[in-house]
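In each ligand, atom 1 is the first atom listed, and ligand 1 is the first ligand listed. All heavy atoms count here, side chains included; hydrogens, waters and symmetry mates do not.
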Amino acid sequence: MPATVVIGAQWGDEGKGKVVDLLAERSEVVARYQGGNNAGHTIVAGDEVYKLHLVPSGILYPGTLCVIGNGTVVDPGALCAEIDGLEERGVSLETLRISGNAHLIMPYHVMLDGASEMKLGKFSIGTTRRGIGPCYQDKAARVGIRAQDLLDPKILVRKLEIALEAKNEILEKLYGLPRLAPADVAEDLLAHAERLRPFIADTALIIDRALRDGKRVLFEGAQGTMLDIDHGTYPFVTSSNPVAGAACTGTGIGPTRIDSVLGVTKAYVTRVGEGPFPTELDDDAGRHMLEQGNEFGTTTGRQRRCGWLDLVALRYAVRLSGMTQLALTKLDVLSGLDRVRLCVAYRDRDGARLTDFPYHQTVFHGCTPEYEEMAGWDEDLSGCRSLEDLPPRAREYVDAIAAAVEVPITLIGTGQGRHQVIDQVEV
Ligand code: GDP
Ligand code: IMO
Ligand code: MG
């Protein structure tokens, strides 16, 4: 499978970093196609824990080309800090490439993200406050600054002057924040530009050539389907499209080049930030998931909300991205629960049974889950490496999920470690 998209099937933090790292061992290129440093992708390699935000999760394999695609948004300071942190730990960044068309997160984007969340008060989205939304806004408004602008200081200053004319009014008049001088912003940016310039490249061409040469390319999604700006639980979403289709626009290759879509889902559900979550738990089972799964955000450290696996939402995610296989992570976390539950349908406010994800937010907000309950298991799964190693009840749980979503589960997570998996993926 030369071109595989790896994408979150839930509200993010499904374990995409671990899955991409695992498959990167067998791939020549890993490309991020959307999102920015709102993402936090964890890789546990032996005693070492890596938390990647923008750098693709293939970077631990020397020789694997790592592309930050045009659909991403790049905070130059945050990226420089991430590169420095990795280099200090002996990771080579020689194979990193940044699309010249990727938009840059400016300091005013970060300021506006925080200020708008404050102003929304109890209606806030709970963003990561990394400036993601305001940066994508400027991209769409055609006043964004792109990576390639770092290569031409004259154009950079001119573009900053234009962008800041309007932004300063908003910062000052709407939010009571200080105005920014274009020359100051440019000076800070150019300091980072020195560092980033060697990485900036025509990444769409690089990926095309790799595919043409029969190399294996992974497209690494950030966030998850339910945070997709078009298909997620709007407005409690991120400002990009995590769904698999965006791997094409976000890296500059055509849809006919994609061979396989691997969705990543936890064996339960978590969500950080605000917004509806039908299977959310506030009981011992939820606390078990929080504690055993160590469910605290990789980027912001916030406690993740936990709940039972939602098969209605999972089927929706499979459909939206045309998933051809699923990775089921963190199955080990459910060990020790007496009973496990799967949400097989929703009931709307009138009691009607829904098995397709409702398109109308008012209906969705009023939905309650209908569960199928199964016996749990006590066995520690951390040493399981094949389906035969799984205790029968865990196996029944996995089979019930695969049957409900009609997609094969080709990878199962049995622990945090990079090789704690049952791996049947063909990349
Ligand atoms: P991502 O954003 O999708 O890459 O996921 P995060 O890294 O934010 O969060 C997933 C967390 O679960 C990380 O701490 C991973 O190390 C951890 N993890 C991933 N897969 C497994 C697994 O199968 N079992 C356990 N126990 N932890 C896992
Ligand atoms: P990874 O790639 C989980 C959530 C935020 C908030 C909403 C909008 O690690 O799975 P934003 O800062 O993007 O404007 O915030 O999206 N969010 C994530 N939740 N994992 C992520 O990334 C997320 N990136 C953003 O918590 O609810
Ligand atoms: Mg994460």
Side-chain angles (χ1 to χ4, degrees), residues 6-22 32 34-45 49-54 56-57 72-73 75 105 109-110 112-114 116-117 124-137 220-229 232-240 242 263-277 289 291-305 327-335 380-382 384 411-423:
V6 178
I7 173 218
Q10 301 174 315
W11 277 283
D13 302 328
E14 298 90 349
K16 299 175 292 294
K18 172 178 160 169
V19 171
V20 170
D21 166 74
L22 188 80
R32 274 277 306 267
Q34 44 72 233
N37 60 329
N38 48 348
H41 296 176
T42 314
I43 302 167
V44 179
V49 179
Y50 296 90
K51 292 175 190 284
L52 301 173
H53 300 286
L54 257 174
S57 301
T72 63
V73 286
D75 182 322
I105 298 178
H109 293 141
V110 179
L112 290 168
D113 195 357
S116 91
E117 282 286 276
S124 74
I125 293 159
T127 73
T128 59
R129 303 195 179 202
R130 298 296 190 268
I132 306 293
C135 184
Y136 278 115
Q137 269 177 36
E220 177 179 9
Q223 290 79 54
T225 307
M226 304 306 284
L227 289 171
D228 186 280
I229 191 164
T233 50
Y234 192 92
F236 300 101
V237 292
T238 191
S239 298
S240 66
V264 186
T265 173
K266 277 179 188 162
Y268 48 98
V269 181
T270 64
R271 176 166 203 173
V272 238
E274 304 305 319
F277 179 179
M289 294 164 191
E291 285 160 17
Q292 301 303 314
N294 191 24
E295 294 297 354
F296 294 90
T298 310
T299 298
T300 56
R302 286 177 293 175
Q303 187 173 312
R304 295 174 182 149
R305 300 153 67 192
L328 183 72
T329 61
K330 303 190 101 163
L331 185 64
D332 54 298
V333 171
L334 298 183
S335 290
D380 173 9
L381 305 189
S382 61
C384 296
L411 198 144
I412 297 172
T414 57
Q416 255 206 312
R418 149 189 258 187
H419 293 297
Q420 285 186 300
V421 282
I422 297 170
D423 177 5

Query - ligand 1 contact by G40, heavy-atom criterion under 4.0 angstrom - result: yes
Query raised in the report: Does any N/O atom on G415 come nearer than 3.5 Å to any N/O atom on ligand 1?
Result: yes
Report summary line: Honestly, for V264 the part within reach of ligand 1 (heavy atoms, under 4.0 Å) is neither
**Report entry** Pair T265-Q10, side-chain donor/acceptor within less than 3.5 Å
**Finding:** yes
Report summary line: shortest atom 25 (C) of ligand 2-to-protein heavy-atom contact is with Q223 CG, 3.7 Å
Report task. May I ask you to list the atoms of ligand 2 that are less than 4.0 angstrom from any heavy atom of I125? Result -> 27 (O)
Query raised in the report: Nearest heavy-atom pair of V44 and Q416: which atoms, and what distance?
Result: CB-O, 3.6 Å
Query raised in the report: Do D332 and ligand 1 have an N or O pair less than 3.5 Å apart?
Result: yes
Requested in this report: Output yes when the distance from some N or O of ligand 2 to some N or O of E274 is under 3.5 Å, and no in every other case.
Outcome: no
**Report entry** 4.5 Å side-chain heavy-atom contact, M226 and P276
**Finding:** no
Requested in this report: Of all the heavy-atom pairs spanning Q34 and A222, show the shortest one and how long it is.
Outcome: OE1-N, 2.5 Å
**Report entry** atom 11 (C) of ligand 1: the protein heavy-atom neighbour that sits closest, reported with distance to 0.1 Å
**Finding:** K330 NZ, 3.6 Å
Report summary line: When every non-hydrogen atom of K266 is compared with those of T270, the smallest separation belongs to NZ-OG1, 2.8 Å
Query - Winner among V237, V73, T128 once heavy atoms are compared against atom 8 (C) of ligand 2 - result: V237
Query - N/O separation below 3.5 Å, R302 to ligand 2 - result: yes
Report summary line: Which of E14, Q292, E295 passes side chain to side chain donor-acceptor pair (under 3.5 Å) with K330? It is E295
Query raised in the report: Is ligand 2 under 4.0 Å from a heavy atom in the side chain of R271, in the backbone, in both, or in neither?
Result: neither
Report summary line: If you scan protein heavy atoms around atom 15 (O) of ligand 2, the nearest is T127 CA, 3.3 Å
Requested in this report: Answer side chain, backbone, both or neither: which part of W11 comes under 4.0 Å from ligand 2, heavy atoms only.
Outcome: backbone
Query raised in the report: Relative to the heavy atoms of G273, which atoms of ligand 2 are at a distance of less than 4.0 Å?
Result: 27 (O)
Query - Atoms in ligand 1 with a heavy atom of G413 nearer than 4.0 Å - result: 23 (O)
Report summary line: When rounded to the nearest 0.5 Å, the distance separating CD1 of I412 from CG of L381 is 9.5 Å
Query raised in the report: Which ligand 2 atoms does A39 reach within 4.0 Å, using its non-hydrogen atoms?
Result: 1 (P), 2 (O), 9 (O), 22 (O)
Requested in this report: Could you find the nearest protein heavy atom to atom 4 (O) of ligand 1 and give me its residue, atom name and distance?
Outcome: G17 N, 2.8 Å
Requested in this report: May I ask you to check whether over 12 heavy atoms, not counting those of Y234, lie within 6.0 Å of atom OH?
Outcome: no
Query raised in the report: Does G12 bring an N, O or S atom to within less than 2.8 Å of the Mg ion (ligand 3)?
Result: no
Query raised in the report: With no hydrogens and no angle check, is any side-chain donor or acceptor of T414 less than 3.5 Å from a backbone partner on D332?
Result: no
Requested in this report: Check each atom of ligand 1 against the heavy atoms of H41 and keep those under 4.0 Å away; list them by number with element.
Outcome: 1 (P), 2 (O), 4 (O), 7 (O)
Query raised in the report: What residue and atom, counting heavy atoms only, is the protein's closest point to atom 13 (O) of ligand 2, and at what distance?
Result: T238 OG1, 2.6 Å
Report task. Please check if the side chain of T225 supplies one atom and the backbone of G8 the other of a donor-acceptor pair under 3.5 Å. Result -> yes
Report task. Return yes or no for this condition: an N or O of R304 is under 3.5 Å from an N or O of ligand 1. Result -> yes
Report task. Indicate whether any N or O donor in one side chain lies under 3.5 Å from an N or O acceptor in the other, for T298 and R304. Result -> yes
Query raised in the report: Can you find a non-hydrogen atom of G40 under 4.0 Å from ligand 2?
Result: yes
Report task. Only one of S239, C135, P134 passes side chain to side chain contact (heavy atoms under 4.5 Å, CB included) with V73; say which it is. Result -> C135
Report task. Give the residue, atom name and distance (to 0.1 Å) of the protein heavy atom nearest atom 4 (C) of ligand 2. Result -> L227 CD1, 3.9 Å
Report task. Identify, for atom 7 (O) of ligand 1, the protein heavy atom at the shortest distance, and state residue, atom and that distance. Result -> T42 OG1, 2.6 Å
Query raised in the report: Quick one: does R130's side chain have a donor or acceptor within less than 3.5 Å of a partner on D75's backbone?
Result: no
Query raised in the report: In terms of residue, atom name and distance, what is the protein heavy atom nearest to atom 20 (N) of ligand 2?
Result: D13 OD1, 3.1 Å
Requested in this report: Identify the protein heavy atom lying closest to atom 14 (O) of ligand 1, giving its residue, its atom name and the separation to 0.1 Å.
Outcome: Q416 NE2, 3.2 Å
Query raised in the report: What atoms of ligand 2 come closer than 4.0 angstrom to any heavy atom of K16?
Result: 1 (P), 2 (O), 10 (O)
Query raised in the report: Ignoring hydrogens and geometry, is there a side-chain-to-backbone donor-acceptor pair from T299 to A39 under 3.5 Å?
Result: yes
Report summary line: Looking only at protein heavy atoms, what sits closest to atom 5 (C) of ligand 2 is G126 O, 3.6 Å
Requested in this report: Could you tell me whether the side chain of E274 and the main chain of G126 form a donor-acceptor pair under 3.5 Å?
Outcome: no
Query raised in the report: Does any non-hydrogen side-chain atom of I422 lie less than 4.5 Å from one of L331?
Result: no
**Report entry** Pair D113-T127, side-chain donor/acceptor within less than 3.5 Å
**Finding:** yes
Requested in this report: Measure from the Mg ion (ligand 3) to every N/O/S atom of D13 and report the name of the nearest one.
Outcome: OD1
Report task. Find out whether K16 and T329 are in side-chain contact, i.e. whether some heavy atom of one side chain is under 4.5 Å from a heavy atom of the other. Result -> no
Query - Atoms of ligand 1 close to E14 [distance to a heavy atom under 4.0 angstrom, numbered from 1] - result: 3 (O), 5 (O)
Requested in this report: Note the single closest protein heavy atom to atom 10 (C) of ligand 1, along with its residue, its atom name and the distance in Å.
Outcome: D13 O, 3.6 Å
Query - A222: numbered ligand 2 atoms lying under 4.0 Å from its heavy atoms - result: 2 (O)
Query raised in the report: Quick one: which ligand 1 atoms are inside 4.0 Å of a heavy atom on T414?
Result: 23 (O)
Query raised in the report: Of the protein's non-hydrogen atoms, which lies at the shortest distance from atom 19 (C) of ligand 1, and what is that distance?
Result: K18 CD, 3.8 Å
Query raised in the report: For ligand 1, which atoms, with element, lie under 4.0 Å from some heavy atom of T298?
Result: 6 (P), 7 (O), 8 (O)
Report summary line: Checking D423, V264, V421, I43 against V19 for side chain to side chain contact (heavy atoms under 4.5 Å, CB included), the one that qualifies is V264
Query raised in the report: With a 4.0 Å heavy-atom cut-off (strictly under), which part of V272 contacts ligand 2: side chain, backbone, both or neither?
Result: both
Query raised in the report: Quick one: does Y50's side chain have a donor or acceptor within less than 3.5 Å of a partner on H41's backbone?
Result: no
Query raised in the report: Backbone or side chain, does any N or O of G15 fall under 3.5 Å from an N or O of ligand 1?
Result: yes
Query - Main-chain N/O of V6 paired to E220 side chain as donor or acceptor, under 3.5 Å - result: no
Query raised in the report: When only distance counts, is I132 in polar contact with ligand 2, meaning an N/O pair under 3.5 Å?
Result: no
